[in-house]
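Order of listing sets the numbers, starting from 1, for every ligand and every atom in it.
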Amino acid sequence: MRILEAYNLKKTYRQNILAVQNVSLTIASGEVLAFLGPNGAGKTTTIKMIAGLIQPDAGSVRIAGSDPHRNPAALEKLGAVLEGNRNVYWRLTPEENLEYFGVLKGLTRRQARHSGKAL
Ligand SMILES: Nc1ncnc2c1ncn2[C@@H]1O[C@H](COP(=O)(O)OP(=O)(O)O)[C@@H](O)[C@H]1O
Ligand SMILES: [Mg+2]
């Protein structure tokens, strides 16, 4: 089953910065994809479009068959996006990071700690 599908994604920022042009990818259930490229290649912009954080100028995204830009509930299928190196705190343990971000997302400390342990 195709769990993620992105077709012909395109994004131009202001001042005509063409960040992403015609990026397509699919990921099947159980598959791992390495998405690599030099700085400025458009990786973050692509992931933001897939995660529904920015609107693509063109193209489409399906998460488990559902378009996150039309149906935000599709994003519930998305576990976590840890992109770049500023998204976790190195002085905290992985469990403490999960607890911290869980609480930011509205969980109680107890819920966050419990869901972190379940991973
Ligand atoms: N918010 C933004 N506004 C304007 N330009 C941006 C913005 N974010 C990224 N860019 C530009 O878009 C291009 C792709 O950036 P980005 O998606 O961050 O690439 P990567 O994650 O592969 O390093 C770069 O030229 C970058 O400078
Ligand atoms: Mg990046």
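- Where the criterion is an N or O separation shorter than 3.5 Å, residue side chain and backbone included, Ala19 fails it with respect to ligand 1.
- Of all the heavy atoms of Ile17, the ones lying under 4.0 Å from any atom of ligand 1 belong exclusively to the side chain.
- Near Pro38, meaning under 4.0 Å from any of its heavy atoms, are these atoms of ligand 1: 22 (O).
- The shortest distance between side-chain heavy atoms of Leu9 and Thr46 falls below 4.5 Å.
- Using modelled atom types, no side-chain atom of Thr26 and backbone atom of Glu5 make a donor-acceptor pair closer than 3.5 Å.
- Of all atoms in ligand 1, listed by their number and element, those nearer than 4.0 Å to a heavy atom of Asn39 are 23 (O).
- Using a cut-off of 2.8 Å, one finds that Thr44 contributes an N/O/S atom close to the Mg ion (ligand 2).
- Listed for the Asn71 side chain is no donor-acceptor partner under 3.5 Å among the backbone atoms of Ser66.
- Assignment of Gly40 to the shell around ligand 1 is supported, since a heavy atom sits closer than 4.0 Å.
- The CD atom of Gln55 sits 9.0 Å away from the CG atom of Asp57 when rounded to the nearest 0.5 Å.
- Here the closest heavy-atom approach between residue Val61 and residue Met49 is recorded as CG2-O, 3.9 Å.
- The contact set between ligand 1 and Ala41, taken as ligand atoms under 4.0 Å from a residue heavy atom, comprises 19 (O), 20 (P), 22 (O).
- Side-chain contact between Thr45 and Tyr13: present, with at least one pair of heavy atoms (C-beta onward) separated by less than 4.5 Å.
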